[in-house]
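Counting from 1, the numbers follow the sequence of the chain as shown.
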Amino acid sequence: MSRDWTQEELQTASAAMKAAGHMSYEEFCEELHRQEEQTKTNLSITEEGGEGV
């Protein structure tokens, strides 16, 4: 399922999620990026013969 959201719709949904005690859209994107970077780091360490997490 896919939908194109306007900036206003994203901001409204993000504020509603935050008010409900969940991550905002921005926080979710930051966490996703952080996890992707951590995965890349772990793969690099493993490929170099070190120990991955």
Side-chain angles (χ1 to χ4, degrees):
M1 184 162 95
S2 178
R3 180 176 192 268
D4 290 329
W5 292 68
T6 66
Q7 272 305 114
E8 294 79 21
E9 289 172 323
L10 278 174
Q11 290 173 352
T12 299
S14 181
M17 292 298 291
K18 184 127 179 122
H22 303 286
M23 282 188 226
S24 67
Y25 174 73
E26 295 80 9
E27 292 169 327
F28 173 79
C29 290
E30 289 170 7
E31 178 63 16
L32 185 62
H33 179 72
R34 187 193 68 75
Q35 289 181 14
E36 288 172 345
E37 291 300 314
Q38 184 64 47
T39 298
K40 287 177 188 176
T41 299
N42 291 342
L43 288 174
S44 177
I45 291 170
T46 302
E47 289 173 356
E48 291 174 5
E51 293 185 24
V53 176

What pair of heavy atoms forms the shortest contact from Ser14 to Tyr25, and how long is it? OG-N, 3.0 Å
At their closest point, which heavy atom of Met17 faces which heavy atom of Met23, and how far apart are they? CB-O, 3.7 Å
Interatomic distance, Lys40 atom NZ to Ile45 atom CD1 [nearest 0.5 angstrom]: 14.5 Å
Here the gap from Glu27 atom CD to Leu32 atom CG, rounded to the nearest 0.5 Å, amounts to 13.5 Å
Give me the one residue out of Glu37, Glu30, Gln35, Glu31 that meets side-chain contact (heavy atoms from CB on, under 4.5 Å) with His33. Glu37
List for me each residue that meets side chain to side chain donor-acceptor pair (under 3.5 Å) alongside Glu9, sequence neighbours excluded, and say none if there are none. Arg3, Thr6
